[in-house]
**Student:** 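Have a look at this one.
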Amino acid sequence: MLLFVALLSGTLFGLGLAVSGMVDPARVTGFLDLAGAWDPSLGFVMGGALAVFLPGYLLLVRPRRQSLLGAPLPQVPLARIDARLLGGSALFGVGWGMVGICPGPGISLLASGQPLIVLFVAAMGAGLLLVDRLLLPRWLALRA
């Protein structure tokens with residue numbers, strides 16, 4: 001059941017990205033280009049998503065102690081702004097601005113078969129492995 005819910009959630013998320021135009025790199029870079037030919041349409045998409053999400057979250061999700069499938073919900077850690085958070089956010093933002101693709105749309109665009117999308121997802125995977133295998137263990141060792 002858990003895998004079915006994950007598949008359904010991922011499918012709905014990908015469909016939402018496709019319908020909203022957030023998988024179109026030209027539209028994304030147009031939204032991020034504040035000094036040029038700015039395209040505000042993705043701002044409306046994000047605003048609409050928040051307008052739907054926030055009431056549902058506040059009324060249905062936040063008061064719950066367990067998920068709909070009965071698993072306990074993890075505690076959200078206190079927000080801490082540190083060099084890792086700032087560096088990761090900057091790296092994500094620069095990459096998103098350069099190519100107009102973030103991880104969710106990148107994975108959904110794999111279906112297009114475009115070589116540059118495949119290269120993007122491969123580079124994203126390599127970056128995840130680099131952090132997981134090299135950087136994270138060193139960071140955890142420094143904190144111990």
Side-chain angles (χ1 to χ4, degrees), residues 2-3 5-112 114 116-144:
L2 184 61
L3 288 176
V5 170
L7 177 65
L8 181 64
S9 299
T11 302
L12 286 173
F13 180 69
L15 185 61
L17 290 173
V19 169
S20 68
M22 291 190 81
V23 296
D24 180 4
R27 181 174 279 178
V28 173
T29 53
F31 174 70
L32 296 173
D33 185 10
L34 298 177
W38 184 57
D39 178 4
S41 61
L42 291 186
F44 293 113
V45 168
M46 289 184 236
L50 279 173
V52 170
F53 167 77
L54 194 58
Y57 173 77
L58 293 175
L59 296 171
L60 302 172
V61 176
R62 192 171 183 197
R64 297 184 67 87
R65 299 276 182 235
Q66 59 184 356
S67 73
L68 293 176
L69 296 177
L73 294 175
Q75 292 292 322
V76 177
L78 296 176
R80 191 175 69 231
I81 298 175
D82 59 5
R84 274 185 70 227
L85 176 66
L86 293 175
S89 300
L91 186 60
F92 178 87
V94 167
W96 192 32
M98 285 174 51
V99 296
I101 306 169
C102 67
I107 291 171
S108 68
L109 283 171
L110 274 176
S112 72
Q114 296 177 23
L116 289 177
I117 300 299
V118 174
L119 179 63
F120 171 83
V121 174
M124 182 177 68
L128 289 168
L129 282 173
L130 174 72
V131 168
D132 188 52
R133 301 292 162 94
L134 295 176
L135 300 179
L136 189 58
R138 290 181 184 167
W139 182 80
L140 290 173
L142 290 175
R143 296 201 57 181

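Along the sequence shown, residues carry numbers from 1.
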**Student:** Checking Arg64 now: which residues fulfil side chain to side chain contact (heavy atoms under 4.5 Å, CB included) with it, not counting sequence neighbours?
**Tutor:** Leu68, Leu73
**Student:** To the nearest 0.5 angstrom, please state how far the CD1 atom of Ile117 sits from the CE atom of Met124.
**Tutor:**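 It comes to 10.5 Å.
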**Student:** Any chance you could measure Leu116, atom CG, to Leu109, atom CG, to the nearest 0.5 Å?
**Tutor:**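 It is 11.5 Å, given to the nearest 0.5 Å.
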**Student:** When rounded to the nearest 0.5 angstrom, what is the spacing between CG in Leu54 and CG in Leu59?
**Tutor:**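 Reported to 0.5 Å precision, the distance equals 9.0 Å.
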**Student:** Quick one: CG on Leu12 to CG on Leu7, what's the gap to the nearest 0.5 Å?
**Tutor:**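 Result: 9.5 Å between the selected atoms.
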**Student:** Might you confirm whether atom CD1 of Ile81 has over 12 heavy atoms from other residues, nucleotides or ligands at distances under 6.0 Å?
**Tutor:** no
**Student:** Taking side chain as C-beta onward, heavy atoms only, is Phe92 less than 4.5 Å from Pro103?
**Tutor:**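 Yes; the side chains approach each other to less than 4.5 Å.
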**Student:** Specify the closest pair of heavy atoms between Asp33 and Ala37, including all atoms of both residues, with the distance to one decimal.
**Tutor:**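 Heavy-atom minimum between the residues: OD2-N, 3.5 Å.
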**Student:** Please report the closest heavy-atom contact between Ala18 and Val23, naming both atoms and the distance.
**Tutor:**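 Answer, listing the atom of Ala18 first, then Val23: CA-CG2, 4.0 Å.
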**Student:** Could you pull out all residues at least two apart from Phe53 that satisfy ring pair (Phe, Tyr, Trp, His ring centres under 6.0 Å)?
**Tutor:** Tyr57
**Student:** Could you report the tightest heavy-atom contact between Ala26 and Thr29, atom names first, then the distance?
**Tutor:** O-OG1, 3.2 Å
**Student:** To the nearest 0.5 Å, what is the distance between CG on Asp24 and CD1 on Ile101?
**Tutor:** 9.5 Å
**Student:** Taking C-beta and beyond as the side chain, do Leu130 and Leu134 meet within less than 4.5 Å on heavy atoms?
**Tutor:** yes
**Student:** Does Met22 reach the side chain of Leu42, with side-chain heavy atoms less than 4.5 Å apart?
**Tutor:**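 Yes, close enough: below the 4.5 Å cut-off.
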**Student:** Between Trp38 and Phe31, is there a donor-acceptor pair closer than 3.5 Å when you use the side chain of the first and the backbone of the second?
**Tutor:** yes
**Student:** CG of Leu91 to CG of Leu86: how many Å apart, nearest 0.5 Å?
**Tutor:** 12.5 Å
**Student:** What heavy-atom pair brings Gly100 and Val28 nearest, and what distance separates the two atoms?
**Tutor:**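 Scanning both residues completely, I find the closest heavy atoms to be O-CB, 3.4 Å.
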**Student:** Please check if the number of heavy atoms outside Met46 that lie under 6.0 Å from its CE is greater than 12.
**Tutor:** yes
